[in-house]
Amino acid sequence: MSNWEVFLSPYKQAVEELKVKLKGLREQYQRSSQHTPIEFVTARVKPITSILDKAKRKNMSLDRLEEMQDIAGVRIVCQFVTDIDTIVALVHARKDFKVIEERDYIKEKKESGYRSYHMVVNYSVHTIEGQKDVMVEIQVRTMAMNFWATIEHSLNYKYSGEIPEDIKRRLQRAAEAAFQLDEEMSKIQGEVREAQQILSQQRGST
Ligand code: 0O2
């Protein structure tokens, strides 16, 4: 790769634009006093070292890096599992994203215990050289799924992907506990939404 800055620039632009658009959606929900399916949004461009590691792991030649689907990544974190369906439908309905691939690791969790809904979208950025399409991976997950994934990601990093068996077992139990937390919260989500609506109306009137 001769010039990383030039190569990564449309990805940076895509990530910044998507962050603004998704945060905008969240604010619109809040203003309307409806339950917001978006708790928070994070976004990043994959660091060069991680791009190189992944290319090596996947046997991908460096002149085909454009085929890597998660150089630009956006994460949408929700309160409830049903919010994930709302987000997925919202993304499908938009004209500025074209969904090209979906991976449902909620229906089919990964062996590690990882749960999340992944969508790969094509997104156009407009640069001084004209329009450029880039792929962006959108990960949608609940706060419980996010807590687990964040912890597991750090442990994976610490142990270079070789997490000791006893910790792996604990992580699997923790994944089950996160799943149970999502289930329990789903059962009382009506109550929680009502409480949040009351709070947001109170804030609006002061
Ligand atoms: P980052 O940027 O540090 O998050 P692969 O990379 O081969 O596992 P693939 O097919 O490219 O997977 O895509 P996939 O599985 O849809 O998405 C990969 C990304 O999903 C990872 O990015 C993680 O963010 C997340 N992910 C997938 N599996 C797990 C898991 O078991 N645990 C955790 N914590 N996260 C997972 P990267 O590449 O790790 O990089």
Side-chain angles (χ1 to χ4, degrees), residues 1-32 34 36-79 83-106 114-143 145-147 149-150 153-154 156-157:
M1 173 63 53
S2 56
N3 193 335
W4 279 105
E5 210 177 314
V6 173
F7 174 72
L8 292 178
S9 145
Y11 293 98
K12 281 190 184 141
Q13 190 172 330
V15 151
E16 289 309 317
E17 290 184 14
L18 259 72
K19 239 186 338 190
V20 169
K21 289 182 178 187
L22 293 166
K23 287 183 177 173
L25 272 181
R26 178 171 184 268
E27 275 156 29
Q28 283 172 40
Y29 272 108
Q30 282 174 330
R31 260 199 309 279
S32 71
Q34 283 179 64
T36 165
I38 303 176
E39 184 66 16
F40 63 86
V41 178
T42 62
R44 61 100 182 97
V45 173
K46 210 175 182 67
I48 298 170
T49 49
S50 308
I51 296 177
L52 290 173
D53 283 351
K54 187 161 184 170
K56 198 168 165 196
R57 187 158 45 86
K58 300 232 158 186
N59 241 333
M60 183 184 270
S61 125
L62 292 190
D63 51 18
R64 292 177 58 188
L65 282 186
E66 281 179 12
E67 290 169 21
M68 196 177 279
Q69 296 179 327
D70 65 342
I71 292 180
V74 173
R75 188 169 290 154
I76 303 173
V77 179
C78 317
Q79 291 184 339
D83 293 334
I84 297 175
D85 303 330
T86 308
I87 305 289
V88 171
L90 264 172
V91 171
H92 272 283
R94 286 185 76 115
K95 297 241 174 353
D96 48 354
F97 311 142
K98 187 172 183 303
V99 180
I100 53 172
E101 232 176 278
E102 282 172 276
R103 288 187 276 277
D104 187 348
Y105 298 128
I106 297 173
Y114 178 76
R115 289 184 306 135
S116 203
Y117 196 96
H118 291 193
M119 305 173 96
V120 179
V121 301
N122 247 331
Y123 182 75
S124 299
V125 289
H126 295 266
T127 69
I128 50 173
E129 269 97 39
Q131 183 176 325
K132 172 132 182 77
D133 287 356
V134 291
M135 283 195 272
V136 181
E137 185 182 77
I138 305 180
Q139 300 181 344
V140 197
R141 45 170 86 149
T142 61
M143 289 197 274
M145 295 173 194
N146 190 50
F147 178 43
T150 308
H153 193 271
S154 342
N156 241 319
Y157 187 76

Engineer: Look up atom CD1 in Ile84 and atom CD1 in Ile76, then write down how far apart they are to the nearest 0.5 Å.
Structural biologist: 10.0 Å
Engineer: Evaluate the criterion side chain to side chain contact (heavy atoms under 4.5 Å, CB included) for residue pair Val77 and Met145; output intermediate values, then yes/no.
Structural biologist: CA-CA 9 Å; Val77 179; Met145 295 173 194; over 6 Å; no
Engineer: Got a sec, which residues hit side chain to side chain contact (heavy atoms under 4.5 Å, CB included) with Ala72, two or more places apart in sequence or on another chain?
Structural biologist: Tyr11, Val15, Val136
Engineer: Is the shortest heavy-atom distance from the side chain of Glu67 to the side chain of Lys58 under 4.5 Å?
Structural biologist: no
Engineer: Does atom CD (Glu5) have a neighbourhood of more than 12 heavy atoms from anything else shown, all under 6.0 Å?
Structural biologist: no
Engineer: State plainly whether the residues Glu66 and Lys132 are in salt-bridge range, i.e. N to O under 4.0 Å.
Structural biologist: yes
Engineer: Mind checking whether Val88 and Tyr117 have side chains closer than 4.5 Å, heavy atoms only?
Structural biologist: yes
Engineer: Can you list the steps and then say if Val121 with Lys98 is a side chain to side chain contact (heavy atoms under 4.5 Å, CB included)?
Structural biologist: CA-CA 5 Å; Val121 301; Lys98 187 172 183 303; 5.9 Å; no
Engineer: Taking the side chain as C-beta and beyond, is there a heavy-atom pair between Phe7 and Ile71 under 4.5 Å?
Structural biologist: yes
Engineer: Please examine the side chains of Val20 and Leu18, heavy atoms only from C-beta on, and report whether any two atoms are closer than 4.5 Å.
Structural biologist: no
Engineer: With a 4.5 Å limit on heavy-atom distance, are the side chains of Val41 and Val74 in contact?
Structural biologist: yes
Engineer: Looking only at the side chains, is there a donor atom on one of Tyr123 and Lys21 sitting less than 3.5 Å from an acceptor on the other?
Structural biologist: yes
Engineer: If every non-hydrogen atom of Arg44 is compared with every non-hydrogen atom of Asp70, which pair is closest and at what distance?
Structural biologist: NH1-O, 3.1 Å
Engineer: Between atom CZ of Arg115 and atom CG of Asp104, what is the distance when rounded to the nearest 0.5 Å?
Structural biologist: 10.5 Å
Engineer: Between His118 and Tyr105, how do the two ring planes meet: parallel, tilted or perpendicular, split at 30° and 60°?
Structural biologist: perpendicular
Engineer: With sequence neighbours excluded, what pairs up with Arg141 under the side chain to side chain donor-acceptor pair (under 3.5 Å) test?
Structural biologist: Tyr114, Ser116, Gln139, Asn146
Engineer: Scan side-chain atoms only and decide if Glu17 and His126 contain a donor-acceptor pair under the 3.5 Å cut-off.
Structural biologist: no
Engineer: Taking 4.0 angstrom as the limit, do Arg103 and Glu101 come out as a salt bridge?
Structural biologist: yes
Engineer: Do the side chains of Leu65 and Met60 get nearer than 4.5 Å, heavy atoms only?
Structural biologist: yes
Engineer: Please name the pair of heavy atoms, one in Ile106 and one in Val140, separated by the smallest distance, quoted to 0.1 Å.
Structural biologist: CD1-O, 4.5 Å
Engineer: Is there a side chain to side chain contact (heavy atoms under 4.5 Å, CB included) between Ile138 and Val120? Walk through the geometry before answering.
Structural biologist: CA-CA 6 Å; Ile138 305 180; Val120 179; over 6 Å; no
Engineer: Is there a side-chain contact between Ile87 and Cys78, using heavy atoms and a 4.5 Å cut-off?
Structural biologist: yes
Engineer: Going by atom type alone, with no hydrogens or angles, which donor-acceptor pairs under 3.5 Å involve a side-chain atom of residues 22-30 and a protein atom two or more places apart or on another chain?
Structural biologist:
unit_1: Arg26; atom_1: NE; unit_2: Ile38; atom_2: O; d: 3.1
unit_1: Arg26; atom_1: NE; unit_2: Glu39; atom_2: O; d: 2.8
unit_1: Arg26; atom_1: NH2; unit_2: Glu39; atom_2: O; d: 3.2

Engineer: Apply side chain to side chain contact (heavy atoms under 4.5 Å, CB included) to the pair Val134 and Asn122, showing each step before the final yes or no.
Structural biologist: CA-CA 6 Å; Val134 291; Asn122 247 331; over 6 Å; no
